[in-house]
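Computed from a predicted model, the values in this text were never measured in an experiment. Quick note on labels: first sequence line is chain A, next is B, and so on, each numbered from 1.
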There are 2 protein chains.
Amino acid sequence: MVNKTRSPQRRGDALSRDRIIEAAIGLLDSTGEAGLTFRALSEQLATGPGAIYWHIANKGELLVAACDAVIAATLAACADGETPEATVRALAVGMFDAMDAHPWIGSALIHAAGQLPTVRLFESIGQQVQALGVPAGGQWAAVSALWHYILGVGGQNAANRRSAQARDIGREDFLGEASAAWAALDEARYPFTRSLAEQLRNHDDSADFLAGIDLILGGIKAQAQS
Amino acid sequence: MVNKTRSPQRRGDALSRDRIIEAAIGLLDSTGEAGLTFRALSEQLATGPGAIYWHIANKGELLVAACDAVIAATLAACADGETPEATVRALAVGMFDAMDAHPWIGSALIHAAGQLPTVRLFESIGQQVQALGVPAGGQWAAVSALWHYILGVGGQNAANRRSAQARDIGREDFLGEASAAWAALDEARYPFTRSLAEQLRNHDDSADFLAGIDLILGGIKAQAQS
DNA sequence: ACCTGAACACCGTTCAAGT
DNA sequence: ACCTGAACACCGTTCAAGT
């Protein structure tokens, strides 16, 4: 089930918090959440499981730190667009792509609520909402809505990606099966979902995600005008 | 760490899938995600760990089933309001409260992406969006935005609740600490977050959540008019 | 100060054996 | 058909002992 994708790293330099986090991200990306164990990690680092505890308190802290490294890099890369609105969209797409590329981030973020990774995102969105000219009284609601929406989509999307990965099928097949499942739902109880089965097969996650961002931005503008 | 809150159930009737799920929900509510083990569960049910596997395939399926039981009951209770808009708000608040009362649902839902519990919510929202008169071409985006937002807020909120529970502090203290942490952030790098530290302490999760729903509903209306 | 690796107290899951 | 409970192959974490 778990197959090593790299030979154990040579052990030139000393162990460090950063090297551990880097190796953890690699392991999470290649073998998934279940693949990150202190034994596998220490093998990759050519050391013993106990050594890691000198640098990191426990597995929870390791996951949050791995999450934070990815998110910090992502947000830094999308920091300045042409307009505040364009920057919000860039941040959103950046987060979407990051959570798609590292599907373990979705659940890691849930366990990191209120910690550095989520605060980073909150701050990045907040600065743009401010630049957008939203009055002080409406900023909290506007930022919260965008923040939660981004985390919500990212989490669900990552979960889909992960379950496709676990079953070793591609996006096409995954959507095909999901679409078939929707089409097979009971007509009386799930009329709406059934009617969208075809759209599910052909939809573009990324475009739909952006449409939602625009919906919220539209709501923010409408509210600011009233 | 894990303390039993009930004496083992008498074993009058036979084991069944439903009784197992019910006991699992009780265990999750009282001892958290980490408290749900097949050993603890079988003790509660006065049987052996192996017995459960006759009725349920594995732990993942058990979590999804527990999740689904809660969500089905929640959605059924909020099915019909005065107007479609009121019903959407009722559904949203119902989900918010359910995820607050059962904080384990947040991460369970991430592992249940695309399965029954999330489809139920999708359908419930979809029926109301349809009743709202949103044109066919915009329904997918509208429902997706509401759906992801509800799951996103619920997940983050549940995570906060859980971490407060784990540290055995109340909402007041939890928010106080978080607010102090925000106020102590580096002024140059986190100006926005810092400036909202006070609002964090005094905010009302539930009201803010509804404000976000209204923002999205506002965006949906604005889009329908253009 | 930093690393080693055996040992501890758990897990989820299986499966021969029972009724 | 349904249940039992010992056994298996793992975990995260600790800690005496080393360098």
Peer 1: Please report the distance, rounded to the nearest Å, between CG in B/Asn58 and P in D/dA9.
Peer 2: 20 Å

Peer 1: Please determine, for D/dT14, whether a Watson-Crick or G-U wobble partner exists with both distances under 3.5 Å, and give it or none.
Peer 2: C/dA6

Peer 1: Could you let me know what C/dA1 is paired to, Watson-Crick or G-U wobble, both distances under 3.5 Å, or none if it's on its own?
Peer 2: D/dT19

Peer 1: Give A/Leu62 one of three labels, base, sugar-phosphate or nothing, depending on what nucleic acid heavy atoms sit under 4.0 Å from its own.
Peer 2: nothing

Peer 1: Within the 4.0 Å heavy-atom criterion, would you say A/Ile56 contacts the bases, only the backbone, or no part of the nucleic acid?
Peer 2: nothing

Peer 1: Look at B/Glu33 together with B/Arg162 and state whether they make a salt bridge at an N to O cut-off of under 4.0 Å.
Peer 2: yes

Peer 1: Which one, D/dC3, D/dT13, C/dC3, comes nearest to the side chain of A/Pro49?
Peer 2: D/dT13

Peer 1: Report the distance from atom CZ of A/Phe38 to atom P of C/dC10, rounded to the nearest whole Å.
Peer 2: 19 Å

Peer 1: Any salt bridge between A/Glu22 and A/Arg19, counting N to O under 4.0 Å?
Peer 2: no

Peer 1: Return the value, rounded to whole Å, for the distance between atom CZ of B/Arg19 and atom C1' of D/dC2.
Peer 2: 14 Å

Peer 1: The side chain of A/Arg39 is closest to which nucleotide in this list: C/dT13, C/dC3, D/dG12?
Peer 2: D/dG12

Peer 1: Which listed nucleotide (D/dC11, D/dC3, C/dT13) is nearest to the side chain of B/Lys59?
Peer 2: C/dT13

Peer 1: Looking at the side chain of A/Thr37, which of C/dG12, D/dT13, D/dC11 is the nearest nucleotide?
Peer 2: D/dC11

Peer 1: Are B/Arg194 and B/Asp186 close enough for a salt bridge, meaning some N to O gap below 4.0 Å?
Peer 2: no

Peer 1: Heavy atoms from C-beta onward define the side chain here; which of D/dG12, C/dG12, D/dC2 lies closest to that of B/Trp54?
Peer 2: D/dC2

Peer 1: I need the CG-P distance between A/Leu41 and D/dC11, as an integer number of Å.
Peer 2: 12 Å

Peer 1: Charged N to carboxylate O below 4.0 Å: is that the case for A/Glu177 and A/Arg201?
Peer 2: no

Peer 1: What is the distance, to the nearest angstrom, from the NE2 atom on A/His55 to the C1' atom on C/dC2?
Peer 2: 7 Å

Peer 1: Among C/dT14, D/dT13, C/dC3, which nucleotide sits nearest the side chain of B/Tyr53?
Peer 2: C/dT14

Peer 1: Rounded off to whole Å, could you give me the CG-to-P distance for the A/Leu36 and D/dC10 pair?
Peer 2: 17 Å

Peer 1: For A/Met95, which of A/Ile105, A/Leu121, A/Val70, A/Ile125 qualifies under side chain to side chain contact (heavy atoms under 4.5 Å, CB included)?
Peer 2: A/Leu121

